[in-house]
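See below for the structure under consideration.
Chain A is the first sequence line, chain B the second, and so forth, proteins listed ahead of strands; every chain is numbered from 1.
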Amino acid sequence: MSDHHHDHGHHPHPISDVQARARALESLLRDKGLLTPGAVDTLVSAYEQDIGPLNGAKVVARAWTDPDYKQRLLADGPDAIRELGFGGLQGEHMVVVENTPEVHNVVVCTLCSCYPWPVLGLPPVWYKSAPYRSRVVREPRAVLAEFGTELDADVAIRVWDSSAEIRYLVLPERPAGTEHLSEDELAGLVTRDAMIGVQKVEAPA
Amino acid sequence: MSDHHHDHGHHPHPISDVQARARALESLLRDKGLLTPGAVDTLVSAYEQDIGPLNGAKVVARAWTDPDYKQRLLADGPDAIRELGFGGLQGEHMVVVENTPEVHNVVVCTLCSCYPWPVLGLPPVWYKSAPYRSRVVREPRAVLAEFGTELDADVAIRVWDSSAEIRYLVLPERPAGTEHLSEDELAGLVTRDAMIGVQKVEAPA
Amino acid sequence: MNGVHDMGGLHGFGPIRPETGEPVFHQAWEQDVFASVIALMAQGVYNLDEFRHAVERIGAAHYLDSSYYDHWLSAAELVLCEKGVIDQTELDRRIAEIKADPDAHARPPAGGEDPLAEALTQGLQAGLPAHREVAAGPRFAVGDRVVTNNLQPAGHIRLPAYVRDKPGVVVMTHGAHVLPDTHAHDGDESPAHLYTVRFDGERVWGEAGADRPAANHVDLWEPYLSPA
Amino acid sequence: MNGVHDMGGLHGFGPIRPETGEPVFHQAWEQDVFASVIALMAQGVYNLDEFRHAVERIGAAHYLDSSYYDHWLSAAELVLCEKGVIDQTELDRRIAEIKADPDAHARPPAGGEDPLAEALTQGLQAGLPAHREVAAGPRFAVGDRVVTNNLQPAGHIRLPAYVRDKPGVVVMTHGAHVLPDTHAHDGDESPAHLYTVRFDGERVWGEAGADRPAANHVDLWEPYLSPA
């Protein structure tokens with residue numbers, strides 16, 4: 001949490017409009033029996049503590065090290081991902097798309113903010129922002145370059161716009177020079193941005 | 001002017017942001033010799049006093065009473081309109097479109113606010129607003145109905161979107177029961193909204 | 001609904017600004033909003049498509065100048081008032097009370113038995129699958145050439161404008177899924193076969209404007225498609 | 001430029017609200033802005049297409065939540081700073097001075113010889129015709145079937161999105177007119193033949209969404225069109 005985090009017990013400063021609106025809604029829902037403090041804690045801690053891109057990194061590392069797993073993963077994403085214990089809300093119908101030397105995949109949701117929660121957690125602000133949503137479908141090569149990802153001119157870019165309940169996860173290329181690394185070590189290399197498709201996975205320096 | 005008109009000489013209240021920005025720009029341009037008080041007065045009084053929909057109404061009344069004029073008007077709008085002394089900025093290339101029992105015309109500028117200034121003056125706020133610009137091209141019948149203009153189901157609607165420097169003026173139908181009226185009396189019936197095409201001209205009650 | 005939420009291809013929003021070390025939530029009120037929205041969806045107060053359509057209806061200028069969780073908050077206010085779960089008067093009064101006393105109506109600590117929290121833990125695991133079994137087979141197969149229909153309803157639809165009235169090729173079939181167009185309005189699932197359709201970038205964006213080689217992929221329901 | 005200024009067909013902006021007895025200007029600052037913008041255009045500081053494109057670039061949220069003459073003011077600030085006619089620092093300082101003293105920099109009454117005012121009076125009468133004589137004849141004639149090209153440049157263009165990549169019929173020819181696409185950027189007039197093209201409403205808006213019988217007419221330059 002940033003230092004914007006406010007303390008529910010003491011307010012030296014006036015409360016902002018949006019803070020007051022959020023509290024008003026949340027407290028009314030509690031009053032009506034539709035929300036509990038425990039429900040809030042459960043949902044927040046799930047995505048702050050448990051469900052994040054480390055899940056996806058484990059999936060990727062397994063696919064890099066286990067050819068049979070990779071085959072299952074590309075054939076049936078949710079089943080293969082569930083083998084590692086991940087699945088559920090906003091990941092009911094996951095499809096894994098594989099980067100190769102010839103093809104680079106990148107994921108967006110132009111209409112809202114769809115994202116594979118069970119493997120990546122909640123999306124970063126930039127993923128939900130107008131610049132990314134408006135641009136990556138039209139000029140993916142320029143957007144990737146802004147993320148430091150320069151693709152050869154003949155690499156075909158595939159942009160996946162999550163307009164339905166299919167959630168796309170990019171299987172990045174395993175970087176050269178990582179043959180000696182363990183599955184856990186490999187998972188440590190895999191970034192959220194590589195699984196969205198805006199970056200590549202780099203070998204350790 | 002509404003009662004929002006502020007007095008340049010005395011300000012009991014603080015000045016708003018937009019008022020300050022406008023004054024800052026205008027005064028900087030004066031300081032740089034690109035604007036004069038007389039230039040401001042000239043431009044404002046031209047459109048507050050001289051150039052407005054009464055011009056267009058005279059054109060329409062003439063067309064209703066002089067078949068030769070109407071023919072010239074439909075063939076070459078700017079030339080025929082100049083016969084009555086009107087023309088110039090934002091009316092260099094006017095096209096007059098004629099309403100009939102079978103065809104109803106309505107004008108918009110979806111991209112900005114183009115409008116035939118020499119015959120209608122400056123456009124009303126609603127013409128420049130998002131609701132009108134977004135809707136009249138897609139659901140002209142519904143928009144016309146909101147203006148009280150109910151068209152028979154078989155009347156063909158022609159929407160003219162002023163995307164270039166062509167400025168469209170609608171020649172409304174002359175209402176029945178006005179055979180005894182003079183050209184001046186007829187001009188008094190013709191409204192701005194009828195020349196935009198969102199209303200019809202009504203006979204006097 | 002033709003609206004600014006459908007922003008694929010728009011110019012003028014500037015550079016993408018990733019944040020280093022970004023937290024999951026930036027402010028505590030975002031946690032409240034996130035939890036409120038998900039908890040009510042999990043309880044079936046509204047469905048996901050209704051909620052998405054509410055986000056689309058918060059107002060175009062507000063959509064463009066407010067933060068993501070403000071979108072959610074505005075949409076929740078809208079849909080919960082429409083459904084009569086809360087009313088605008090009590091909401092306004094509650095907001096005024098909190099503005100007057102920033103400690104008012106603060107959430108107490110969690111404690112004791114909490115069946116809702118337990119149900120939500122299970123709900124996160126189970127998810128809300130959109131796949132449905134239907135009797136009818138799919139109209140299209142992988143490799144089929146299709147053209148998207150020119151659908152521009154005032155209501156909810158998940159056919160982005162940039163691929164509307166455009167030719168493409170089916171690259172995946174997904175069985176039948178709940179149709180957002182009906183589900184967002186009356187809760188009618190009307191399941192329809194879902195396809196991933198590939199569009200050539202140059203066809204979508206014009207020869208002059210397209211990055212190449214590039215293709216756009218969009219998930220589209222059978223009613224959005226016709227044979228090419 | 002794909003942007004919110006290109007709003008033909010968008011949903012969600014609500015009813016049209018005509019104002020009874022509407023004044024030409026609602027506030028005095030609107031008069032200042034109107035006169036400033038027109039006077040500078042008449043003097044050739046910028047051309048109409050440059051100014052229109054500046055309005056398109058004031059920011060999408062600001063475009064949607066500010067008044068019309070605020071658009072003009074924002075666009076004038078933008079284009080005049082870009083051209084170096086004013087600079088942002090002096091503009092900010094001037095604004096601060098006026099906020100501190102609402103009488104500061106007030107416009108004095110007009111008086112005496114004013115060649116600019118006289119030139120503007122004549123300029124309003126003469127206008128700024130966009131028609132140009134060109135050697136090449138028009139490619140299309142009234143009655144020709146055409147299709148609009150899929151042009152989506154980042155810069156200025158006057159091809160509304162709702163008629164992009166759509167078939168139509170030429171109903172008027174207007175000779176060659178200044179091309180906004182180039183004129184807005186480098187002042188190059190590149191005159192091209194201009195046509196009024198009729199589009200069937202059902203083809204543009206889809207069968208389900210269209211009022212009928214209705215047709216859309218849009219003025220389009222030759223580079224926007226191909227033979228159908």
Self-check item: Separation between CZ of B/R21 and CG of D/D92, rounded to the nearest 0.5 Å
Solution: 10.5 Å
Practice problem: Measure D/P180 against the heavy atoms of chain B and call it side chain, backbone, both or neither at under 4.5 Å. | Solution: neither
Self-check item: Nearest non-hydrogen partners of B/Q90 and D/L48, listed with the distance
Solution: NE2-CD2, 3.4 Å
Practice problem: Give the member of B/W126, B/F86, B/F147 that has the highest number of heavy-atom pairs under 4.5 Å with chain D. | Solution: B/W126
Quiz prompt | Atom of B/L34, atom of D/L40 and distance for their closest heavy-atom approach | solution = O-CD1, 3.8 Å
Exercise. Just do the side chain to side chain contact (heavy atoms under 4.5 Å, CB included) check on D/Q31 and B/E48 with the steps written out, would you?
Key: CA-CA 10 Å; D/Q31 300 174 321; B/E48 283 194 336; 2.8 Å; yes
Practice problem: Assert yes or no for the condition that the ring centre distance of B/Y47 to D/F25 is strictly below 6.0 Å. | Solution: no
Quiz item: Hey, mind stepping through B/V18 and D/V33 against side chain to side chain contact (heavy atoms under 4.5 Å, CB included) and telling me if it holds?
Solution: CA-CA 10 Å; B/V18 74; D/V33 170; over 6 Å; no
Quiz prompt | Option in D/I98, D/V163, D/V204 with maximal non-hydrogen atom pairs under 4.5 Å from chain B | solution = D/I98
Practice problem: Report yes if some heavy atom in the side chain of D/M7 is under 4.5 Å from a heavy atom in the side chain of B/Y132; otherwise report no. | Solution: no
Quiz prompt | Donor on one side chain, acceptor on other, D/D219 and B/S163, under 3.5 Å | solution = no
Quiz prompt | Top contributor to chain B interface from D/R17, D/E97, D/H131 [non-hydrogen pairs under 4.5 Å] | solution = D/H131
Quiz item: Does B/H93 reach the side chain of D/P129, with side-chain heavy atoms less than 4.5 Å apart?
Solution: yes
Quiz item: Just wondering, more than 12 heavy atoms not from B/E183 lying within 6.0 Å of its CD?
Solution: yes
Exercise. With a 4.5 Å heavy-atom cut-off (strictly below), which parts of residues 194-203 of chain D touch chain B? List them by number.
Key: D/L194, D/T196, D/R198
Practice problem: Give, as side chain, backbone, both or neither, the part of D/V85 having an atom under 4.5 angstrom from any heavy atom of chain B. | Solution: both
Quiz item: Given that the side chain runs from C-beta out, which part of B/R30 has a heavy atom under 4.5 Å from chain D: side chain, backbone, both or neither?
Solution: side chain
Self-check item: D/H174, part contacting chain B, at a heavy-atom distance under 4.5 Å
Solution: side chain
Quiz item: With only heavy atoms counted, which part of D/Q43 is less than 4.5 Å from chain B, the side chain, the backbone, both or neither?
Solution: side chain
Quiz item: Is the number of heavy atoms from other residues, nucleotides or ligands under 6.0 Å of D/K166 NZ greater than 12?
Solution: yes
Quiz item: With only heavy atoms counted, which part of D/H177 is less than 4.5 Å from chain B, the side chain, the backbone, both or neither?
Solution: side chain
Quiz item: With a 4.5 angstrom heavy-atom cut-off, which part of D/V55 approaches chain B: side chain, backbone, both or neither?
Solution: neither
Quiz item: chain D heavy atoms under 4.5 Å from B/Y127: which part of the residue, side chain, backbone, both or neither?
Solution: neither
Quiz item: Knowing that exactly one of D/R132, D/R52, D/R158 qualifies, which makes a salt bridge (charged side-chain N to carboxylate O under 4.0 Å, His left out) with B/E165?
Solution: D/R52
Practice problem: Please examine the side chains of B/D154 and D/R212, heavy atoms only from C-beta on, and report whether any two atoms are closer than 4.5 Å. | Solution: no
Quiz item: Would you say B/E102 and D/P213 make side-chain contact, with heavy atoms under 4.5 Å?
Solution: no
Practice problem: Look at B/L89, B/V108, B/V198, B/V137 and state which one has the largest set of heavy-atom pairs under 4.5 Å with chain D. | Solution: B/V137
Quiz prompt | Minimum-distance pair of heavy atoms, taken over all atoms of D/M172 and B/V95 | solution = CE-CG1, 3.8 Å
Quiz item: Just how far is it from atom NZ of B/K128 to atom CH2 of D/W72, taken to the nearest 0.5 Å?
Solution: 7.5 Å
Quiz prompt | Heavy-atom check, side chain of D/H71 versus side chain of B/C112, under 4.5 Å | solution = no
Self-check item: Residues B/K32, D/E90: salt bridge by 4.0 Å N-O rule
Solution: yes
Quiz prompt | Worked check of side-chain hydrogen bond (donor to acceptor under 3.5 Å, both in side chains) between B/S27 and D/R94 | solution = CA-CA 9 Å; B/S27 64; D/R94 180 66 57 102; 2.7 Å; yes
Quiz item: Is it the side chain or the backbone of B/E139 that comes within 4.5 Å of chain D heavy atoms, both, or neither?
Solution: both
Quiz item: What residue among D/D114, D/T121, D/I38 forms side-chain contact (heavy atoms from CB on, under 4.5 Å) with B/T42?
Solution: D/T121
Quiz item: What part of D/A104 lies closer than 4.5 angstrom to a heavy atom of chain B: side chain, backbone, both or neither?
Solution: backbone
Quiz item: Closest heavy-atom contact between D/S36 and B/L35?
Solution: OG-CD2, 3.5 Å
Self-check item: chain D contact via B/A46 - side chain, backbone, both or neither, heavy atoms under 4.5 Å
Solution: side chain
Self-check item: Residue B/L122 versus chain D: region with a heavy atom under 4.5 Å
Solution: side chain
Practice problem: Over all heavy atoms of both residues, which pair between B/R141 and D/D211 is shortest? Give the atoms and the distance, please. | Solution: N-OD2, 2.6 Å
Exercise. Answer yes or no: is there an ion pair linking D/K99 with B/D17, defined by an N-O contact shorter than 4.0 Å?
Key: yes
Quiz prompt | Region of D/L64 in contact with chain B, defined by heavy-atom distances below 4.5 Å | solution = neither
Practice problem: Report the option among D/G3, D/G112, D/A117 that has the most heavy-atom pairs separated by less than 4.5 Å from atoms of chain B. | Solution: D/A117
Quiz item: Hey, which of D/A39, D/S67, D/P160, D/A126 has the most heavy atom pairs under 4.5 Å with chain B?
Solution: D/P160
Exercise. Could you tell me which portion of D/S74 (side chain, backbone, both or neither) has an atom closer than 4.5 angstrom to a non-hydrogen atom of chain B?
Key: both
Practice problem: Specify which of B/S134, B/P37, B/S162, B/A39 makes the most heavy-atom pairs with chain D at under 4.5 Å. | Solution: B/S134
Quiz item: Between B/L29 and chain D, which part of the residue has a heavy atom less than 4.5 Å away: side chain, backbone, both or neither?
Solution: side chain
Quiz item: Would you say B/E146 and D/P15 make side-chain contact, with heavy atoms under 4.5 Å?
Solution: yes
Practice problem: Using a cut-off of under 4.5 Å on heavy-atom pairs, state which of B/S113, B/P78, B/G52, B/G33 scores highest against chain D. | Solution: B/S113
Quiz item: Which atoms form the tightest heavy-atom contact between D/H105 and B/R23, and what is the distance?
Solution: O-CD, 3.3 Å
Quiz item: Under a 4.5 Å heavy-atom cutoff, which of B/D31, B/V125, B/V159 has the most pairs with chain D?
Solution: B/V159
Quiz item: Does any non-hydrogen side-chain atom of D/N216 lie less than 4.5 Å from one of B/W160?
Solution: no
Self-check item: Atom CD of B/Q71 with >12 non-hydrogen neighbours under 6.0 angstrom
Solution: no
Self-check item: Side-chain touch B/L25/D/W29, heavy atoms, less than 4.5 angstrom
Solution: no
